[in-house]
Every structure is written in C-alpha cells, then in structure tokens.
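The analysis underlying the following values was restricted to heavy atoms, covering all of them including side chains, and did not include hydrogens, waters or symmetry mates.
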Amino acid sequence: MFKSLRCLVFVSLLAPLAVFAAGVDINTADAAALEQIKGVGPAKAAAIVEYRDRNGPFKSVEDLTKVPGIGDKSLKSMRDQVRVGDAGKGGK
C-alpha cells in the first residue's frame with residue numbers, strides 16, 4: 001500500500017511538468033498560465049491575452065512578435081515553451 005501511495009504522489013508531482021513540457025497553448029492559456037513561460041511576466045501575459053482577444057487566435061508561434069513588447073529575441077527564448085493549438089487553424 002505504501003508503495004502505491006508513493007507512486008501516486010510521484011505521478012501527481014510530475015503531471016504539471018508533463019503539461020508544461022508539451023508547451024503552453026498561446027490560444028487557450030490565461031494570463032496566469034502564460035506567466036509560467038520563462039521571460040513572460042504579468043505585463044507580457046496581459047498583452048498576449050489582449051492581442052488574442054482583439055485579433056483572434058494565433059496562427060503560428062511566430063505571430064507572438066505582433067504582440068507589443070515581444071520581439072524576435074523574446075520569441076527565440078520562449079519558442080520551445082509555447083505552441084499553437086487547434087484554435088490557431090481557423091482564426092480571423
């Protein structure tokens with residue numbers, strides 16, 4: 001029983017890491033989730049959400065450079081931490 005409990009605790013601790021390893025979906029993440037991306041603080045997270053609300057879903061990760069405050073250098077540092085989900089395939 002102790003071994004099963006230990007495994008359950010271990011898996012519970014790793015589950016959030018598995019989601020993060022897949023990347024944060026910039027089309028569905030709220031500001032709090034976006035702040036988990038290295039280099040994204042409250043201001044950039046809010047800017048991403050505001051841009052998405054005004055312009056529709058992102059079609060590619062590169063579209064993040066259209067957000068005020070995010071340039072090529074910022075994108076390069078966060079590229080492996082973000083992804084565009086299905087919402088990006090139909091957008092505006």
Side-chain angles (χ1 to χ4, degrees):
M1 170 122 175
F2 180 69
K3 187 174 181 179
S4 296
L5 182 59
R6 195 168 54 184
C7 284
L8 181 62
V9 169
F10 183 72
V11 169
S12 297
L13 292 173
L14 291 181
L17 295 176
V19 171
F20 188 69
V24 176
D25 185 340
I26 58 175
N27 282 328
T28 59
D30 61 9
L34 291 167
E35 288 181 41
Q36 301 307 307
I37 301 166
K38 184 178 177 183
V40 176
K44 281 187 184 176
I48 292 169
V49 171
E50 183 178 339
Y51 181 89
R52 185 181 66 208
D53 289 346
R54 288 186 179 183
N55 300 287
F58 294 96
K59 292 182 174 72
S60 69
V61 171
E62 288 75 22
D63 283 348
L64 280 171
T65 60
K66 297 177 182 177
V67 177
I70 299 179
D72 291 333
K73 187 175 180 181
S74 295
L75 178 63
K76 184 178 180 182
S77 71
M78 68 175 78
R79 183 181 299 278
D80 63 341
Q81 301 172 66
V82 297
R83 65 183 176 85
V84 174
D86 290 336
K89 297 192 167 85
K92 287 183 183 178

Colleague: Who pairs with K76 by salt bridge (charged side-chain N to carboxylate O under 4.0 Å, His left out), at least two apart in sequence or on another chain?
Modeller: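 Result, salt bridge (charged side-chain N to carboxylate O under 4.0 Å, His left out) vs K76: none returned.
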
Colleague: How long is the straight-line distance from CG of D72 back to CZ of R79, given to the nearest 0.5 Å?
Modeller: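 It is 8.5 Å, given to the nearest 0.5 Å.
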
Colleague: Between L75 and I70, which heavy-atom pair has the shortest distance, and what is it?
Modeller: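 It is N-CG2, 4.4 Å.
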
Colleague: Using a 4.5 Å cut-off on heavy atoms from C-beta on, say whether the side chain of Q81 contacts that of V24.
Modeller: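 The answer is no, as the side chains (C-beta and beyond) never meet within the 4.5 Å cut-off.
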
Colleague: Closest heavy-atom contact between A45 and A31?
Modeller: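 Looking at all heavy atoms of both residues, the shortest contact is CB-O, 3.5 Å.
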
Colleague: Which residues pass the side-chain contact (heavy atoms from CB on, under 4.5 Å) test with A47, sequence neighbours left out?
Modeller: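 Result, side-chain contact (heavy atoms from CB on, under 4.5 Å) vs A47: V67.
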
Colleague: Thinking salt bridges, do K44 and E35 make one under a 4.0 Å N-O criterion?
Modeller: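 Answer for the salt bridge query: no.
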
Colleague: How close do V40 and M78 get, counting heavy atoms only, and between which atoms?
Modeller: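 Answer, listing the atom of V40 first, then M78: CG2-CE, 3.7 Å.
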
Colleague: Answer yes or no: is there a side-chain heavy-atom contact under 4.5 Å between L34 and I26?
Modeller: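 Heavy-atom side-chain distance check passes, below 4.5 Å.
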
Colleague: Using the side chain to side chain contact (heavy atoms under 4.5 Å, CB included) rule, take N27 and R52 through it: C-alpha gap first, then chi angles, then the decisive distance, then the call.
Modeller: CA-CA 7 Å; N27 282 328; R52 185 181 66 208; 4.2 Å; yes

Colleague: Is any side-chain heavy atom of F58 closer than 4.5 Å to a side-chain heavy atom of I48?
Modeller: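 Yes; the side chains approach each other to less than 4.5 Å.
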
